[in-house]
Amino acid sequence: MSWAYRHLLDVENLSSDEIDALLDRASEMRGFLDRNEDQGALLRGEHVALLFAEASTRTRLSFEIAAHRLGADTYLLDRASSSMTKGETFTDTVRNLDAIGFTMLVVRHHRTGAPWVAARHFRGHVVNAGDGWHAHPTQALLDLFTLRRAWGGSPDALRGRKIVIVGDILHSRVAGSNIWSLTQAGADVWLCGPRPWVRGFDQLARSLPSDRRLSVTDDLQSALDGADAVMGLRVQKERMAGGLSAAEYRDRYQINSERFARAKPGALYLHPGPINEGVEVTREVCLGPRSLVLEQARNGVPIRMAVLSLIAETGSAAGLSQTSATRLSQTSEATRDLSSAIR
Amino acid sequence: MSWAYRHLLDVENLSSDEIDALLDRASEMRGFLDRNEDQGALLRGEHVALLFAEASTRTRLSFEIAAHRLGADTYLLDRASSSMTKGETFTDTVRNLDAIGFTMLVVRHHRTGAPWVAARHFRGHVVNAGDGWHAHPTQALLDLFTLRRAWGGSPDALRGRKIVIVGDILHSRVAGSNIWSLTQAGADVWLCGPRPWVRGFDQLARSLPSDRRLSVTDDLQSALDGADAVMGLRVQKERMAGGLSAAEYRDRYQINSERFARAKPGALYLHPGPINEGVEVTREVCLGPRSLVLEQARNGVPIRMAVLSLIAETGSAAGLSQTSATRLSQTSEATRDLSSAIR
Amino acid sequence: MSWAYRHLLDVENLSSDEIDALLDRASEMRGFLDRNEDQGALLRGEHVALLFAEASTRTRLSFEIAAHRLGADTYLLDRASSSMTKGETFTDTVRNLDAIGFTMLVVRHHRTGAPWVAARHFRGHVVNAGDGWHAHPTQALLDLFTLRRAWGGSPDALRGRKIVIVGDILHSRVAGSNIWSLTQAGADVWLCGPRPWVRGFDQLARSLPSDRRLSVTDDLQSALDGADAVMGLRVQKERMAGGLSAAEYRDRYQINSERFARAKPGALYLHPGPINEGVEVTREVCLGPRSLVLEQARNGVPIRMAVLSLIAETGSAAGLSQTSATRLSQTSEATRDLSSAIR
């Protein structure tokens, strides 16, 4: 067992062994779910707060179901019903949740870094359920899990595969996390979208260690050429204003059957949802036989069961291994500035 | 046992035997509730999604309590907390809920036909909790159950009874479903309201088989004359604009003590709630000794327990009897157009 | 055991024995929580409705956790998801919740007296979770519990202690309830704030029995002089308009380290939250070593467990002792006017 983290904040720093531990656990959980078996003893007595400062259904439901399946109690704090965050600083909210007796905290927040800040003020376990444009680690893990299963299930299943992420990379926390987990799994990752939406990623690509393969282009044709998988991203209409219109985006970047045919035979299509059907992808592709979209939805619960059950086993902060404690504190350094911004 | 449906979408096609099976089960459940006995084994392991695209409290709570009393887990998706429906098509939302692992889906939707569409994309069980101006089958069933109990409890209890539904029939899904269940139970049903609100129902009345008795009038006096029960409907203030003012409606159609006296001695008053006290009915009548309003609220839980437990017993689609499968597919034909409208 | 109330509506009429019974029970519950022990049998089968007409997180979560820890089921009715209150009178909502099968009702409402009105139309148990500017009894009880624990735990722990409540006393239901529970515990209570915010309390102070000690001042310095504890209140920005600006309030009444030093050495700071950090109190004080703010949050759950479990033991209305029935009916008299205002 190579898991030693008290929190799951990002996939960026996870080693192959750590990711494998997570996906192995997810396989086990998926098996339990497929056989409709109960796992209600693993998190019995845990009180999970779902602090969702941004609306979400898919992710929120997956975490709720995952926690319940493991025997935990969940409590939702969303913007609509919550006065806690009114005026109160984010860190005060977190400290209060800790004091009230919550032992696990799942955070979705529009501000980058919020889960790191939470982790510094919460004595239990924190999971990042999406922060700003930054990271969405459980989504990246379920995408990896879904692809690995589709390609035979071995830890090497992604090695050398060409995977294209298409859309607004710059504002996508899904892309932000997938870049790390996919390149670490050995995939040849291509980021593709209009120039303003891939800006800065060239630099990132050049700065990566040589064993991570990342390419950036605004040319969909070359990106799709020989691709093993294409991952669409939701086009946020409110982000259109800056340059491209929705119609222009559709004309140049929509994944339709004709374009999808440029990828390898048998290539797969993924999308984190919710899908703007007819914008970033056509109905034919997203509902077609090579679409993994519903398989991704299906894997949301077992991945979150894996995450919650693994971090719970690391026990309290005091029980952390020296290594992981050091790494957590490095992360904390890096987000010190965020902390003052968010409080 | 004459129940073979995987879903409960409407009461329109239910036979007397099917309705009796449902009400018998509801009686049994009401008995359990009255004795505060646990029924937590019947739906153990079921995951119920409550997809409420329209606000509701009474109906939503009844379904939640019913599901919990039977041992199921419930998850609410309302407009406030839900991003799932943003941009995403309704059918995609339903497919995702299916993939995530939900086994039962309770749908309230402002679009007519939404539950039928859901039933075509969901492998588990679907219950219509109110669609557009169309149908509200569990409300009609609890109304029938309440009247039957009040009148002695036998399946024939409603035969020959004059029951008047007063108000905005045209825009009422409660009326829309009650018309079918009450006439089928042998009642002499009268629809009464201002002309624009009963428009088209004359034609429906003429088209019914001769053993269904339905009359339409805008004359409250003749409707009330000799009535065994009067069912009020909520006046939607936003619907007033077209013709009558609220004051005019009150003047001509409000059920007050004086008017209620025109009905038979011992006549009963029903209303699905929430009541605009002082508009469609006076405080004296709706809180009076002949009001069944709170009894209707009380019967909401046992009826929903009956529905959820009965449909759960029909098992998966594969397990459906040929008859019911055929009938379901006929229903599907009828709602094909709806499907494209809603997606 | 000196508890005989079916409801908890206010602390104003509670005797010392009754408060002691409550705090003793809370101590017991706090012990269970600290040892993470289950108490799931005490309220098994109870159905708790949380009717929150005003947003709240801290209080709502504490009640939910408390109910779950005792084995009860909870159902939230908030403004966002609730149509029940639309048009419908408050009393009708309460009657319906009763009919649907709820056995306990926790009410937060912007109208003073709402929980009393609820208690007259609900056959089960009602708890006031904050009504208008009037009362917040569970908050006052947890404040008392927190102070008593901090000062040694005996029932006499508060006797002779100078406790200063600073802020907008007039519009604070927290102050409204604390005045009664703290003076009854023998504390020397000072109310301090700008004149318009303490208006009328001089009169109240003069009308109290001689064994209750209450002083009123707009002079922070004399209030803090020799104080054993300072309780801050949330400054509602929307209330600023009438007189003082936020800046002026800060200049004259903010509790900062320098001012806090005027209190006794070892004096304690309390605040019900959510805190406007930098307005009514500085970060140094509210996060300092003498702050009880998180201890208050921690005690929210055990106090609510104590309240719910004690009132549940009084059984139905029929089972009430004559004394408590009489006292309840006196309370009802006093709130008769409220009733018509709220419905």
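Numbered from 1 within each chain, the chains take letters A, B, ... in sequence-line order.
By the 4.5 Å heavy-atom criterion applied to side chains, B:T89 and A:I275 are not counted as neighbours. Within the 4.5 Å cutoff, the side chain of B:E88 has no heavy atoms near those of the A:R234 side chain.
Heavy atoms closer than 4.5 Å to chain B are found nowhere in A:L33, neither backbone nor side chain.
Chain B forms the most heavy-atom pairs under 4.5 Å with one residue out of A:I65, A:T59, A:N36, A:L287, and that residue is A:I65.
Separating the CG atom in B:L77 from the CZ atom in A:R58 is a distance of 10.0 Å, to the nearest 0.5 Å. In this structure, the separation between CG on A:D78 and CG on B:D78 is 8.0 Å, given to the nearest 0.5 Å. Going from atom CD of A:E277 over to atom CG of B:D92 covers 5.5 Å, rounded to the nearest 0.5 Å.
Residues of residues 293-305 of chain A placed with any heavy atom under 4.5 Å of a heavy atom in chain B are listed by number as A:L294, A:A297, A:R298, A:V301.
In plain terms, the two heavy atoms of A:R60 and B:L76 that are nearest each other are NH2-O, 3.1 Å.
Applying the side chain to side chain donor-acceptor pair (under 3.5 Å) criterion to B:D34, with sequence neighbours excluded, gives B:R30.
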